[in-house]
Every structure is written in C-alpha cells, then in structure tokens.
Novice: 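What follows is a single structure, and I will ask about it in a moment.
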Amino acid sequence: RASAYAREKLRVTGCTPSPVPGWNQVAYGSDWAKEITLRLKNADRPPRGHFAVYGEDGRILREGVLKPWGTQLWGSCFGTIDLSTVKEKGHYRVDITTDDGCFPIAFKVDDLLFKQQVAASQLHFFREMRCGEKCHASDPVRGGYHDATGDWGVRMWSMPHVVWCLARYLESDPTNESAWAELGWAVDWCLKMQAPDGSVYASIRPPEEDDESGSPIEIRPWQDKTVREVEKRVSFEYTATYGAGLARAAKVLGRGGDVRARSCVEAARKAYGYVQRQGVSRTAELGNRSWAALELYRATGEKSYVEEAKRDIAQILPRQLEKGRVRGTDVCGAFFADTSRTTFSPQQWKAFHSIGIYLGMIELYRALDPADAFRAGVKKAVDRFAGGYLIGMSSLSPYGQMACGLEPDGGGFFKVYSFSHPESWIRDHGLNCDLLAMATVAMEWHRETGMPQLKQVAERQLNWVLGNNPLGFCMIDGLGETNPPLIDDSLGTGRITGGIPNGIIGRPENNWPYWGASWDSREYWLPQNAYLLSTLGGLAEP
C-alpha cells in the first residue's frame with residue numbers, strides 16, 4: 001500500500017518512488033566496510049525510516065535510523081546504513097522500515113566463506129575459459145583464454161594483465177593449486193607469442209574476424225572448426241604490459257622452483273628492450289614502460305631498470321591535475337594524457353590498459369633509497385592521486401564506487417562522469433574492469449601508507465560488484481541473490497559460474513545507471529576477473 005508521500009508523488013509526477021536496496025550479497029570480511037544503501041528512484045527526498053539488525057538467534061543486535069546521503073543523484077535519493085561494527089562471523093538479517101515499505105536483507109560476515117566463494121569462483125571461471133584444451137586444437141598457437149563471452153580471439157590486451165594478477169594473487173595465497181595451474185597455463189601461451197625482436201603478437205583470431213564471416217557466435221568454442229591465425233600487429237601497450245606481467249610471474253614462479261621462471265625473465269627483458277627503443281611521450285606509454293622496468297627490477301635486482309623508470313616517471317609528474325579544476329568537487333590528482341594537459345582520454349576509459357602509470361610509481365617509490373630526493377616527489381604525487389582521485393572520486397556516490405572519468409567542461413574546467421558515455425572512446429561500456437583495477441592500486445598504496453580510506457575504497461569496489469550498487473545486482477555469475485541479465489546462454493562461451501559481466505553503463509542523455517541490453521553491459525571479459533583476484537591478494541595481506 002502506497003504511503004501518503006508516494007501517493008502525492010504519483011499524483012504530481014506520474015512516478016511513484018521505487019526503492020532498490022543494495023548490499024554485498026555474498027559475504028563481508030570481518031573488518032570490512034559494511035554499508036547497505038537504499039536507493040529511492042523518482043524521489044526528491046531521502047527515504048525516511050529505521051533499521052534493526054538481528055543475529056542468528058533472532059535477538060536485535062543493532063538499531064538505528066536510516067542516514068540520508070547527500071543530495072539527489074541519478075534522479076534518486078538515498079539512505080545508508082553502516083554496519084562496519086558488526087565483525088563477528090555469522091548470518092544476520094537487517095529489517096529496513098520506511099514510508100515505502102519494509103525490506104528484509106540477509107547478509108553474512110565470514111572471511112573464509114568470502115575467500116572460498118569469490119576466489120574459487122574466479123579460478124573456476126578461468127579454468128572454463130581456457131582455449132586450446134577442448135577447442136581450437138589446430139591453432140598455430142594453442143592455449144590462453146577466450147577473451148570474452150562472444151570473442152573467439154585470445155588477445156594480448158588482456159593476457160598480460162591476467163598473468164600479473166594471478167601472480168599477485170599467489171603472493172598472498174601460495175598454496176592455491178588452482179591458481180598455480182592457471183598461472184602456468186597463461187604463461188605458457190604468452191611465452192609462445194613473442195616475436196624475435198621482443199615485441200609480442202596481438203592475438204590469435206579467426207582469419208575473417210573483421211568482416212564477421214568467421215566463427216559464428218551461435219556455437220560453443222569446441223564446436224568451432226575455424227583454424228585461427230596469428231595477428232602479428234605490434235602494439236607498444238601490449239608489449240610493455242607483457243614485460244610487466246611476465247616479470248612478475250618470473251618472481252613468483254622462481255619462489256616455487258618452476259623452471260619457467262628463467263624463460264619469463266628473458267621474455268620480459270626482450271619485451272622491455274623493445275619498448276625502451278621506442279620514442280614515446282604519452283602518459284600511458286611512459287607509465288606502462290616504467291611498470292615493466294620496475295617489475296624487472298623486482299625480478300632481477302638490476303638497478304639500471306630503476307634509473308630508466310625514473311626518467312619516464314619524471315616526465316609524468318608535471319602532468320598531474322591540481323585542485324580547483326573539477327566543477328562541484330575537490331577531485332584532483334589524475335594525470336593528463338600528454339603534455340598539452342587538456343584531456344585524460346583515452347587512458348581514463350578502460351583504465352586498466354594504463355595501470356602502469358600508477359603501479360609504476362608505487363613500485364618506483366618502493367625501489368628508491370629513502371635518501372633519494374626523487375622518492376619524496378613520487379610519494380607526493382601518489383598521495384595526491386590516492387586522496388584526490390581514488391578517495392575523491394569514490395566519495396561522489398553513496399556506494400563508494402569510483403566515478404569513471406573527467407571530461408572538459410569549458411574554461412579549463414572538467415566535469416565528472418559516473419559511468420561511461422557515448423563520447424568516450426569506448427562509448428557505452430560497463431567498466432567493472434576499471435573499478436577493480438583501481439581497487440588493486442588502492443590496496444598497493446595502502447600497503448605503503450596504511451591509510452584506512454584506501455582499503456575502504458578497495459572494499460567498496462568489491463561490494464559494488466557483489467551487489468551494493470544502484471541496480472541491486474550481484475555481478476559474479478552464480479553467486480548472490482540477484483544476478484543481472486546476461487547474453488543469451490546459447491551464444492559464445494555460454495554461462496560460466498564466476499563470470500563477471502562488463503557492468504553498469506550510463507544512460508546517454510543523463511549518465512544515470514543503466515543495464516544495457518547488449519554486450520556493453522552483459523558480456524564476460526577477462527580483466528574484471530583478473531583484477532578482482534589481485535585485489536583479493538592485497539586485502540589478504542596484513
């Protein structure tokens with residue numbers, strides 16, 4: 001039955017307020033931020049009400065009022081509940097009572113359950129996305145992973161990130177046999193994809209892919225008899241990130257006594273040698289090259305890589321956005337795409353492609369002697385990025401997810417976009433990959449600074465994927481209570497437990513959250529699974 005407020009809203013606007021609860025539908029870690037958000041769509045005032053938290057024995061453990069969040073956003077108003085003080089393992093229920101109804105929500109606090117369900121689901125997904133095991137046995141290079149639900153290619157734009165993230169996860173969970181198996185599978189493919197000059201081939205793909213006359217999407221991978229080909233196009237980005245990923249894998253494999261460690265080091269050296277010979281100036285290219293150099297330093301201990309990374313990062317530091325240039329907020333600290341200091345695109349969309357900017361700086365800070373004056377400058381820049389951008393952008397919504405980008409707004413100012421939009425280079429494309437990549441960056445800098453807000457940023461990106469988002473979807477397939485609609489199960493790889501779709505996009509006319517009806521929201525893609533694992537690795541460490 002509609003409340004008086006809802007009836008009046010319906011009379012005036014024709015739209016009744018529509019509540020959407022959001023919460024982590026799998027399990028919270030014991031020391032995590034535990035926020036529940038109630039979105040009231042078509043509303044001009046926050047939902048009013050109270051809540052009660054019940055334990056497994058039915059007793060009330062907490063009571064309070066729904067806290068209004070900020071101002072109207074996305075045509076909605078919000079109320080929030082912070083249950084971070086609930087730390088003991090267990091199953092709980094929250095009853096939220098408002099003018100618009102009563103909403104019972106079940107949630108769990110269980111570190112082991114979270115790790116078992118989420119990490120295991122990701123490794124299961126990688127296992128099921130393998131290529132060359134049950135399919136495409138005639139390819140010139142077998143192995144790797146199908147890049148996405150409907151993508152028959154195995155692509156270098158994803159695979160180095162998969163390698164790096166699996167290696168990073170294993171540093172925190174070194175006895176996980178499934179993770180070791182997937183790292184080996186990914187490394188084996190990468191090692192076969194390097195050209196003699198150190199560059200890497202772009203993909204293994206159907207020969208007629210560009211004109212859509214290749215592998216039909218209506219079949220499963222193992223039903224595809226297309227003999228694919230090596231795409232020998234050279235990409236600076238792919239080669240630089242390949243160097244970073246293989247060098248990180250070398251360090252991890254070496255600790256485990258794996259003979260592939262030496263091959264990974266040599267492949268990373270060759271890849272870095274190639275990108276070092278290239279004259280580049282864009283921020284993303286300099287950042288990714290420095291990342292490769294510093295991962296090689298981790299693997300070899302050779303100081304020359306540190307000095308070379310310093311030269312690249314010295315060019316990036318002056319490109320940082322100062323305060324006072326983003327309308328309506330104190331957001332700052334992002335790095336312009338080049339020396340013109342006019343745009344952050346394209347590196348801010350599918351930002352994981354440029355993650356070397358941030359991981360390179362963090363690794364350089366770790367590598368430099370504390371007496372080196374350059375180290376203080378690097379720390380200042382990363383602190384500004386962490387506080388002004390990671391924390392700043394995530395503070396702009398009640399869910400704490402990272403807003404996606406900054407676009408010009410006249411007069412040297414910029415405006416914030418919460419979601420991708422038609423004018424960005426990727427257009428309407430969900431960016432779970434970027435939320436989780438930035439969560440990894442937050443955790444890496446948290447290791448150095450201990451800033452609790454950075455850990456909270458990472459937790460909020462995970463909570464967003466697990467259900468605390470404006471659509472109320474748990475975006476790990478097979479987990480949680482409410483999964484979003486995905487691509488028809490008869491297409492491409494089909495449904496796989498652990499798959500994470502691209503995610504929420506912005507409606508073109510107002511950049512409000514929307515679940516697209518096509519691949520832009522609904523398709524699985526490897527980078528989101530990869531950076532979820534690396535984020536878990538960071539969270540698992542003290």
Side-chain angles (χ1 to χ4, degrees), residues 3-6 9 16-25 27-55 59-88 90 92-109 328-331 390-403 416 418 451-474 504 512-513:
S3 67
Y5 166 76
K9 183 73 174 178
T16 184
S18 175
V20 181
W23 77 102
N24 177 331
Q25 298 174 18
Y28 295 93
S30 57
D31 63 346
W32 282 31
K34 303 176 185 69
E35 297 151 329
I36 294 174
T37 309
L38 187 65
R39 177 190 181 197
L40 197 58
K41 297 164 61 178
N42 306 317
D44 52 17
R45 59 106 174 122
R48 301 169 187 160
H50 61 274
F51 68 89
V53 183
Y54 298 85
R59 291 189 301 169
I60 293 179
L61 304 177
R62 305 278 193 285
E63 290 184 278
V65 297
L66 206 57
K67 182 179 178 181
W69 180 87
T71 57
Q72 190 182 53
L73 178 69
W74 312 325
S76 306
C77 291
F78 304 86
T80 64
I81 299 170
D82 187 347
L83 299 176
S84 300
T85 57
V86 180
K87 297 179 178 293
E88 292 187 7
Y92 300 89
R93 189 182 88 244
V94 181
D95 285 349
I96 306 173
T97 304
T98 73
D99 293 343
D100 304 290
C102 181
F103 308 96
I105 292 172
F107 75 96
K108 305 178 186 72
V109 176
T329 176
D330 290 331
V331 165
L390 294 177
I391 296 171
M393 290 286 261
S394 69
S395 70
L396 299 179
S397 97
Y399 303 96
Q401 95 284 3
M402 287 287 300
V416 173
S418 296
M451 289 178 61
Q453 300 96 319
L454 288 174
K455 182 171 179 289
Q456 188 175 66
V457 165
E459 293 162 356
R460 284 174 163 172
Q461 310 321 298
L462 287 173
N463 287 337
W464 171 275
V465 171
L466 295 172
N468 192 28
N469 57 64
L471 304 184
F473 291 146
C474 177
I504 296 172
W512 290 358

Novice: Side-chain atoms of residues 60-68: list all donor-acceptor pairs with protein atoms under 3.5 Å, sequence neighbours left out, distances to 0.1 Å.
Specialist:
{"residue": "Arg62", "atom": "NE", "partner": "Thr85", "partner atom": "OG1", "Å": "3.3"}
{"residue": "Arg62", "atom": "NH2", "partner": "Thr85", "partner atom": "O", "Å": "3.2"}

Novice: In chain order, what residues pass the side-chain contact (heavy atoms from CB on, under 4.5 Å) check against Trp69, with sequence neighbours excluded?
Specialist: Leu73, Phe78, Thr80, Pro398
Novice: Is the closest side-chain heavy-atom distance between Trp23 and Cys474 below 4.5 Å?
Specialist: no
Novice: Could you give me the CA-CA distance, side-chain angles and deciding distance for Leu471 and Val20, then say whether side-chain contact (heavy atoms from CB on, under 4.5 Å) is met?
Specialist: CA-CA 7 Å; Leu471 304 184; Val20 181; 5.8 Å; no
Novice: So which heavy atom on Gln72 is nearest to which on Asp44, and how close?
Specialist: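 Nearest pair, atom of Gln72 first, then Asp44: NE2-CA, 4.0 Å.
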Novice: Kindly state each residue pair satisfying salt bridge (Lys or Arg N to Asp or Glu O under 4.0 Å) with at least one member in residues 462-472, sequence neighbours excluded.
Specialist: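 Every pair satisfying salt bridge (Lys or Arg N to Asp or Glu O under 4.0 Å) with a residue in residues 462-472: there are none.
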Novice: Tell me the closest heavy-atom pair linking Gln456 and Glu35, and the distance in Å.
Specialist: NE2-OE2, 4.2 Å
Novice: For Leu83 and Ile36, which heavy atoms make the closest approach, and how far apart are they?
Specialist: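 For Leu83 and Ile36, the tightest heavy-atom pair comes out as CD1-CD1, 3.9 Å.
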Novice: Is the shortest heavy-atom distance from the side chain of Ser76 to the side chain of Leu40 under 4.5 Å?
Specialist: no
Novice: Tell me, please, which residues at least two apart from Trp32 pass ring-ring contact (aromatic ring centres under 6.0 Å, His included).
Specialist: Phe114
Novice: Test of understanding: with ring-ring contact (aromatic ring centres under 6.0 Å, His included), list the residues that count as partners of Phe107, not counting sequence neighbours.
Specialist: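 Testing Phe107 for ring-ring contact (aromatic ring centres under 6.0 Å, His included), a comparison that skips the adjacent residues, returns Tyr28, Tyr92.
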Novice: Could I get the full list of side-chain hydrogen bond (donor to acceptor under 3.5 Å, both in side chains) partners for Gln401, not counting sequence neighbours?
Specialist: Ser397
Novice: Do the side chains of Leu390 and Gln453 get nearer than 4.5 Å, heavy atoms only?
Specialist: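 No - every pair of side-chain heavy atoms lies 4.5 Å or more apart.
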Novice: Only counting residues at least two apart or in another chain, list the ones meeting salt bridge (Lys or Arg N to Asp or Glu O under 4.0 Å) with Arg39.
Specialist: none
Novice: So which atom in Glu459 and which in Ala33 form the shortest heavy-atom distance, rounded to 0.1 Å?
Specialist: OE1-N, 2.9 Å
Novice: Checking Asp31 now: which residues fulfil salt bridge (Lys or Arg N to Asp or Glu O under 4.0 Å) with it, not counting sequence neighbours?
Specialist: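 Lys455.
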Novice: Applying side-chain hydrogen bond (donor to acceptor under 3.5 Å, both in side chains), can you list everything that pairs with Thr97, at least two apart in sequence or on another chain?
Specialist: none
Novice: Restricting to salt bridge (Lys or Arg N to Asp or Glu O under 4.0 Å), what partner residues turn up for Arg93, sequence neighbours left out?
Specialist: Asp95
Novice: Tell me every residue that passes side-chain hydrogen bond (donor to acceptor under 3.5 Å, both in side chains) with Ser395, counting only those two or more places apart in sequence or in another chain.
Specialist: none
Novice: How close do Gly400 and Gln461 get, heavy atom to heavy atom, and via which atoms?
Specialist: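 Closest approach of Gly400 to Gln461: O-NE2, 2.9 Å.
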Novice: Quick one: side-chain hydrogen bond (donor to acceptor under 3.5 Å, both in side chains) partners of Asn463, sequence neighbours excluded?
Specialist: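 Only Asn24 meet the side-chain hydrogen bond (donor to acceptor under 3.5 Å, both in side chains) criterion with Asn463.
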Novice: What's the separation between atom CG in Leu396 and atom CG in Asp330, rounded to the nearest 0.5 Å?
Specialist: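 Those atoms lie 10.0 Å apart.
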Novice: Search all heavy atoms of Ile105 against all heavy atoms of Pro21 and return the closest pair with its distance.
Specialist: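 Here Ile105 and Pro21 meet closest at CD1-CB, 3.8 Å.
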Novice: Once rounded to the nearest 0.5 Å, what's the spacing between atom CG of Leu38 and atom CD1 of Ile96?
Specialist: 5.5 Å
Novice: Find the distance between NZ (Lys34) and NZ (Lys87) and round it off to the nearest 0.5 Å.
Specialist: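 The distance works out to 5.0 Å.
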